[in-house]
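Here the structure comes first, spelled out in C-alpha cells, and everything after it is commentary.
Excluded from the calculations below are hydrogen atoms, water molecules and symmetry mates; all remaining heavy atoms, backbone and side chain alike, are included.
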Amino acid sequence: MSCDERLLDRVPLFAGLPAPVRAALAQVATERVSGAGELILLGGEPCEAAYFVIEGAVRIFRDSLSGRQQVLTTAVRGTPFNLVPALRTGGANHASAEAVVASRLLQISSHDLRRLIRLYPDLGLTLLDDLAGKLDHLTDLVETISLRSVRGRLARFLLDNAEKDQVPRRVWTQDEIAARLGTVRDVIGRGLRALVDAGLIQLDRERIIVVDREGLVAESNL
Amino acid sequence: MRSALALPRIDLVLCTRCGVCVSLCPGHAVEMADEGPHFARPLDCTYCAECEATCPAGAIRCEYAIVWAEDPPSPGGDRCTTS
C-alpha cells in the first residue's frame, strides 16, 4: 500500500507539508480509479477512509427518505471528501459520493490518517485549517437556509455562479440548481420566472443572463 | 447532427423510447424516429423544459449557463442536440 509521492502535488492541502510528512502520506495512500457514475461510498456506512481527488470530479450527496437528493458539493481536483468522519473513531460516512466523470482518487484509511496526525502535528494543523474553512462555509449556509427565502437563495446562487468568459462554461439544469438549494425544480422554475418578471435576469434559451447585478444582490438579502 | 439553435439534449442511451416527450411537448417540436426522439421542428421548441421535467428516464437535459449581461454569447449555443 503506497502511491507515487508526486501524486500528492495535486492536492494543495499537502503541498506545504515537510518532506517527511509527505513521504509518510505516500506510504499509506493508495490510488483508486472510479468510472463515471460509480458509487464510491455510501452515507451512513462505517467510515473507512478519507479521499482526495487528483483527477475528475465527485458528487457528494444525501438522499432523503422521500427520494429527494441534495447535492452538498462537488469535489474537484485537489479537494478532499469524507475527511470529517475519517478523523473520528468509529465515524460514519456523512454523505454518499459518486464519480461524475472518470476520476482518480487518493485513498487514506481513517486509521492511518489518525496515526499520522499523532506523529506529525503539521499534518494535523493543515487538516484543522481545512476544517475551519468548511465550518465557516457551513455557518454561512445555515444562515442562508434559515434566514433567506428560496428566491433570495436562488438570487445568491446566480450571483455566485455567474461566469465571465470561461470556456467551457459550467452548465446547470433546474434539477441541479434545486438540489444545490435544497428544494425542487418546480420552485426553481417559479423563482426564475419571478426574477425575470422583476427585470433582474433574462432567460435566453440555454443562458440565464444576470442583467441587474445590484438588484439581484438586494434580492439575495431577502 | 448540429443545430444553430440550442435545444434540449436527449441521451439516447438512457432513453426508453416511451414517447412521453413527443406527447407532452407543448410546441409539438419532438417526433419519434427509429433511433429515438428527435427535434423534427427545432424552431417550435421554446426551451420550456417540459420534456426534461416529464421524461421518466431522466434522459433529457435543458442546460443553462449562468452569465453576466456583458458577456458575449455562449459558444455552446451551437451544439449537438442528441448524444
Contacting region of A:E176 [heavy-atom separation from chain B under 4.5 Å]: side chain
Contacting region of A:L203 [heavy-atom separation from chain B under 4.5 Å]: side chain
Selection residues 187-196 of chain A - residue pairs positive for salt bridge (Lys or Arg N to Asp or Glu O under 4.0 Å), sequence neighbours left out: none
Rounded at 0.5 Å granularity, tell me how far [atom1] in [X] sits from [atom2] in [Y].
| X | Y | atom1 | atom2 | answer |
| --- | --- | --- | --- | --- |
| B:C62 | A:E206 | SG | CD | 11.0 Å |
| A:L125 | A:L17 | CG | CG | 10.0 Å |
| A:N161 | A:R170 | CG | CZ | 7.5 Å |

Salt bridge (Lys or Arg N to Asp or Glu O under 4.0 Å) partners of A:R185, counting only residues at least two apart: A:D175, B:E52
Validation row: A:R213, A:L159 side chains within 4.5 angstrom (heavy atoms): yes
Residues in side chain to side chain contact (heavy atoms under 4.5 Å, CB included) contact with A:V84, at least two apart in sequence or another chain: A:H94, A:L131
Part of residues 48-61 of chain A lying next to chain B, heavy-atom separation under 4.5 Å: none
